[in-house]
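Counting starts at 1 for both ligands and their atoms, following the listed order.
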Amino acid sequence: MTHRALRLRLDPAALQENWRWLQRTAGVAAGAAVKADGYGLGAVEVTRLLADVGCRDFFVSTWAEAEALGPLPGDARVAVLHGVGPKDMAAALGGKARPVLNTAEQVQRWKAECGGRPCDVMVDTGMNRLGLRSDEIGLLDGLAIDTLHSHLSCADEDNVMNHVQRDRFAAIAASVTARRYAIANSAGICLGRDYSFDLVRPGLALYGGVPRGEAAGHIVQVAFPEAEIVQRRTIPAGESCGYGATWTATANTEVAIINIGYADGYLRCFTGKGAARAGTRPLPLVGRVSMDLIAIDVSAAPELGEGDWVTLDYSLPEAAEVSGLSQYELLTGLSQRLERRWT
Ligand SMILES: *Cc1c(COP(=O)(O)O)cnc(C)c1O
């Protein structure tokens, strides 16, 4: 196999431990949002690893994503968050996945074409993105609802919306028959067990994202971008490095040029702020992030040379702080050039 000089090292035990913490904290069944290819980590592997520790409910956005998961382990189930449009009916009838119906049209389509087959339903409680309005709840009569969902718009903040949405959802749940009820994403789990209902739907925190302070110290990093050194050079005092000559060496500086750049999702907002690491020694970025390369100051690591690997600083809460990107974007923006390697 062709050698790849760029990879995303993935820690399976960390993923599983994060899921266990979320499940324990919620005190009810925990599913997993594996949309966007498992937030960029690889949905097939994530699903297998989480099924191994007891996760049974997986959530994707589209039917194409459900199909890409392949056969699910054991009695695991997948639900499609965007529901079912006219062109999705073949996939919906052919496979094991069930839709999360979001609109009156979707409800009518499902009733007309799928009889009593179980489905999930999303009701809107204030986010005004997907989901049935409160005046459409009556349309649900006659559906075999597995899980009734809603989604919190502000769970990562202390916002009055959280209580409002929770109470609205509890009121709807009292009047709609379903096997289970669910409203909490990762941040919602941190809000307390009032938000657990019967099932929670974490995503970000499984993958090492810290959505709220309550999760700090419990959620651990899962994904570690690593890249090879292409060249090591000494930049003489007074010379610059990289596009725009934005960085100038104040003293002779040892620099390594690394095989990662903005085309890999390591974006230019890390310029002047990001770092790599050799063991515990930080190696700060110098100059601009290029398309396929960055430069780092390796004065602290005299042993590093061509072909050696370094790990980028990519702890999600800190990398978000440094870059101004969200923890979600930091994961889902990583390109397919990074080989996903679970070790
Ligand atoms: C993506 C998503 C989740 C997971 O959210 P996180 O913030 O990543 O935990 C849960 N529910 C719905 C409806 C989603 O779209």
Please state which part of [X] comes within less than 4.0 Å of ligand 1, counting heavy atoms only: side chain, backbone, both or neither.
X	value
Phe59	neither
Lys35	side chain
Ala33	side chain

For [atom], what's the nearest protein heavy-atom neighbour? Residue, atom name and distance, please.
atom	result
atom 7 (O) of ligand 1	Tyr328 OH, 2.5 Å
atom 8 (O) of ligand 1	Tyr39 OH, 2.5 Å
atom 10 (C) of ligand 1	Arg201 O, 3.3 Å
atom 9 (O) of ligand 1	Ser186 OG, 2.5 Å
atom 5 (O) of ligand 1	Asn185 CB, 3.3 Å

Is the closest heavy atom of Arg129 to ligand 1 under 4.0 Å? yes
Using non-hydrogen atoms of the residue, decide whether Ala187 is closer than 4.0 angstrom to ligand 1.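 Under 4.0 Å: no for Ala187.
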Look only at interatomic distance and state if Met122 has a nitrogen or oxygen under 3.5 Å from any nitrogen or oxygen of ligand 1. no
Would you say Trp19's side chain and Ala14's backbone share a donor-acceptor pair under 3.5 angstrom? no
Distance-only, no hydrogens or angles: does the Arg277 side chain make a donor-acceptor pair with backbone N or O of Ala275 under 3.5 Å? no
For Glu321, does the CD atom have more than 12 heavy-atom neighbours from other residues, nucleotides or ligands under 6.0 Å away? no
Check whether any side-chain heavy atom of Leu143 lies under 4.5 Å from a side-chain heavy atom of Leu101, and answer yes or no. yes
Quick check: do His149 and Asp120 have side-chain heavy atoms less than 4.5 Å from each other? yes
For ligand 1, which atoms have a heavy atom of [X] less than 4.0 angstrom away?
X	result
His151	10 (C), 11 (N), 12 (C), 13 (C), 14 (C)
Leu204	6 (P), 8 (O), 9 (O)
Pro202	9 (O)

Whether His3 and Trp309 hold their rings parallel, tilted or perpendicular, with breakpoints at 30° and 60°: perpendicular
Nearest heavy atoms of Leu199 and Ala30, plus distance in Å: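 Closest pair (atom of Leu199, atom of Ala30, distance): CD1-C, 4.2 Å.
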Pair Arg232 + Glu254, salt bridge at N-O below 4.0 Å: yes
Are Arg109 and Asp88 close enough for a salt bridge, meaning some N to O gap below 4.0 Å?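 Judged by the 4.0 Å cut-off on N to carboxylate O distance, Arg109 and Asp88 do not form a salt bridge.
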